[in-house]
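Residue numbering restarts at 1 for every chain, and letters A, B, ... go by the order of the sequence lines.
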Amino acid sequence: MSGGFISRGFKGRRQQADVAGRLPPGQHLESGFPVLSAGPTPNTPLDQWDFVVTGSVKAPKRWNWNELLALPHETPTVDVHCVTKWSKLDTHWEGVSVDLLLREVEYDSTSVRYATAFSEGDYTTNLPLADLLGGKAWVVFGYDGQPLDPVHGGPARLLVPHLYFWKSAKWVRGLRLTEQDQPGFWESLGYHNYGDPWKEQRYSGD
Amino acid sequence: MEGTAVLGRLNWQLGEVVATRPETPRTKSITLDVPGWTGHRPGQHVDLRLTSEDGYHAERSYSIASPPEDRSRVTLTVERIDTGEVSPYLTDELHEGDQLELRGPIGGYFVWEASMGGPLFLVAGGSGIVPLMAMIRHRAAAGPSVATRLLYSSRSLGEIIYRDELDRLTQSSPGLEVAHTLTRETPPGWAGYRRRVDADMLRDVAWPPDQNPLTYICGPTPFVEGAATILAGLGYGPQRIKTERFGPTG
């Protein structure tokens, strides 16, 4: 139904050209930082926190908080796009590249092609492994020069900015590498399995 | 939303505005007749898409306020954000007979159906009442035996959305209890709470933890964050607390 329908009397507000080119279809600019989560914000003490890469790997690898922080940091500045239609441009993060983490784990890269990120509680989200590699994904613990606030996923969240933001799992605790793709939490509830904002892959079947 | 996965793509469809109704000075309900609407679960939302003459689009999500029992009539309640692009169009410009492009229903987690049982504890801040109202209306139609409590925080009496209907339902639908709190202005003789939701209030109003209630909290982020954190601290299982946080939806 993209052809033809016009909302009587709707003018709309165009974005400036430089911004418009950075907004995927259906998105609008947000200057605040909205919060969307399915349940209460968890609160795990840092001395009990760890990050694990497990699943179809030769041996699982675990980092505690201090070990993760001791890895080389990167400071990506990226645009993020939430499936609820807001986008936020030039967000500043600090964290560790997922490339670096997966380099310390042995797995068969010809058969192991998917990952499930898992978080505090039962939240999971699935991604092709290729989308976590090649400088496209981080485990971040800093935002705008400050420790990442728990409401935004602190102490650490995944950051995969080229996909809708629900793939950037808050309160992330690890990655499970798999040979088969396994839909995660929102992906099992009608949201798109891959979630490319530039193709407007919001919901199942988009 | 298992149904959606089976049905495949959520297509854009046209609904016709068959009624509008101001709820408060800042909110308006818009009832659409959507031919072929496949039904929804209380708590779900729709995406709206507005298109200008030159083909420019704006999309926003709005919660459904009506119960599935209304069949092809889908009611949204929209809060006017003065600086917004979409909500002023919906509240000021749109009128009966106009058409709106929408797709949905969307969201399969923040939903409650009578078959899920209870007891049910609903906590609303401002326009966060909207998806919870779909649950309350559905309960009245399909599950009146589910014991339900609503704690609803508004700034002032005049900003309580659905106030008359909630009053009526507490009379006509046994097992529904509604507690209001007003955070800014209270009228003379106000018998409800007159402060922000806090631990004492939640302890008063919520079902005791040993009844293992199903809790739904909806409102602005700090409101939801506050209420959910307090309830988790009072011993309610996080898995039984579902939240929906409203960012600004202009």
Undergrad: Distance from Leu189(A) atom CG to Ile106(B) atom CD1, nearest 0.5 Å?
TA: 13.0 Å
Undergrad: From Thr221(B) OG1 over to His152(A) NE2, what is the distance, rounded to the nearest 0.5 angstrom?
TA: 8.0 Å
Undergrad: Examine whether an atom of Leu94(B) lies under 4.5 Å from a heavy atom of chain A, and if so say whether it belongs to the side chain, the backbone or both; otherwise answer neither.
TA: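 Only the backbone of Leu94(B) comes within 4.5 Å of chain A.
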Undergrad: Is there a donor-acceptor pair closer than 3.5 Å between any side-chain N or O of Thr51(B) and the backbone N or O of Ile6(A)?
TA: no
Undergrad: Are there more than 12 heavy atoms of other residues, nucleotides or ligands under 6.0 Å from atom CZ of Arg21(B)?
TA: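 Counting other residues, nucleotides and ligands, CZ of Arg21(B) stays at 12 neighbours or fewer.
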Undergrad: Would you say that more than 12 heavy atoms from the other residues, nucleotides or ligands in this model lie under 6.0 Å from the CZ of Arg22(A), or not?
TA: yes
Undergrad: Quick one: closest heavy-atom pair of Arg245(B) and Thr41(A), and the distance?
TA: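 In terms of heavy atoms, the two residues are closest at NH1-OG1, 3.8 Å.
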Undergrad: Can you confirm whether Lys85(A) sits close enough to Ser61(B) that some side-chain heavy atom of one is under 4.5 Å from a side-chain heavy atom of the other?
TA: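 In short, these two side chains touch, coming nearer than 4.5 Å.
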Undergrad: Does any non-hydrogen side-chain atom of Tyr203(A) lie less than 4.5 Å from one of Arg103(B)?
TA: yes
Undergrad: Relative to chain A, which segment of Leu100(B) carries a heavy atom at a distance below 4.5 Å: side chain, backbone, both, or neither?
TA: backbone
Undergrad: Heavy-atom count check: over 12 atoms from other residues, nucleotides or ligands less than 6.0 Å from Asp122(A) CG?
TA: no
Undergrad: I want to check something: taking the side chain as every heavy atom from C-beta on, are His28(A) and Arg60(B) in contact at a cut-off of under 4.5 Å?
TA: yes
Undergrad: Could you check whether any side-chain heavy atom of Arg202(A) comes within less than 4.5 Å of a side-chain heavy atom of Leu10(B), counting everything from C-beta outward?
TA: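 No, side chains not in contact.
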Undergrad: Decide side-chain contact (heavy atoms from CB on, under 4.5 Å) for Trp12(B) and Phe5(A); before the verdict, give the C-alpha distance in whole Å, the side-chain angles of both, and the deciding distance to 0.1 Å.
TA: CA-CA 11 Å; Trp12(B) 292 101; Phe5(A) 179 72; over 6 Å; no
Undergrad: Write down the atom of Pro40(A), the atom of Ile241(B), and the distance for their closest heavy-atom approach.
TA: CD-O, 3.7 Å
Undergrad: Look at the aromatic rings of Tyr89(B) and Phe10(A) and report parallel, tilted or perpendicular, splitting at 30° and 60°.
TA: perpendicular
Undergrad: Assess whether atom CD of Glu53(B) is packed by more than 12 heavy atoms of other residues, nucleotides or ligands within 6.0 Å.
TA: no
Undergrad: With heavy-atom distances below 4.5 Å as the criterion, would you say the side chains of Lys11(A) and Glu93(B) are in contact?
TA: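 Lys11(A) does not reach Glu93(B) side chain to side chain.
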Undergrad: With a 4.5 Å cut-off on heavy-atom pairs, point out which of Gly9(A), Cys82(A), Pro42(A), Ala38(A) contacts chain B the most.
TA: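 Looking at each of Gly9(A), Cys82(A), Pro42(A), Ala38(A) in turn, Ala38(A) comes out on top.
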Undergrad: Using non-hydrogen atoms only, which part of Trp86(A) is less than 4.5 Å away from chain B: side chain, backbone, both, or neither?
TA: neither
Undergrad: More than 12 heavy atoms of other residues, nucleotides or ligands under 6.0 Å from CZ of Arg80(B): is that the case?
TA: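 Check passes, neighbour count above 12.
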Undergrad: Assess whether side-chain hydrogen bond (donor to acceptor under 3.5 Å, both in side chains) is satisfied between Glu101(B) and Ser7(A), documenting all intermediate values.
TA: CA-CA 8 Å; Glu101(B) 215 174 1; Ser7(A) 311; 5.9 Å; no
Undergrad: Asp54(B), Val224(B), Thr215(B): which one forms the most heavy-atom pairs within less than 4.5 Å of chain A?
TA: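 Looking at each option in turn, the highest pair count goes to Asp54(B).
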Undergrad: Within the supplied structure, the quantity of interest is the number of heavy atoms (other residues, nucleotides, ligands) at a distance under 6.0 Å from Arg71(B) CZ; does it exceed 12?
TA: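 No, CZ of Arg71(B) has 12 or fewer neighbouring heavy atoms, counting only those of other groups under 6.0 Å.
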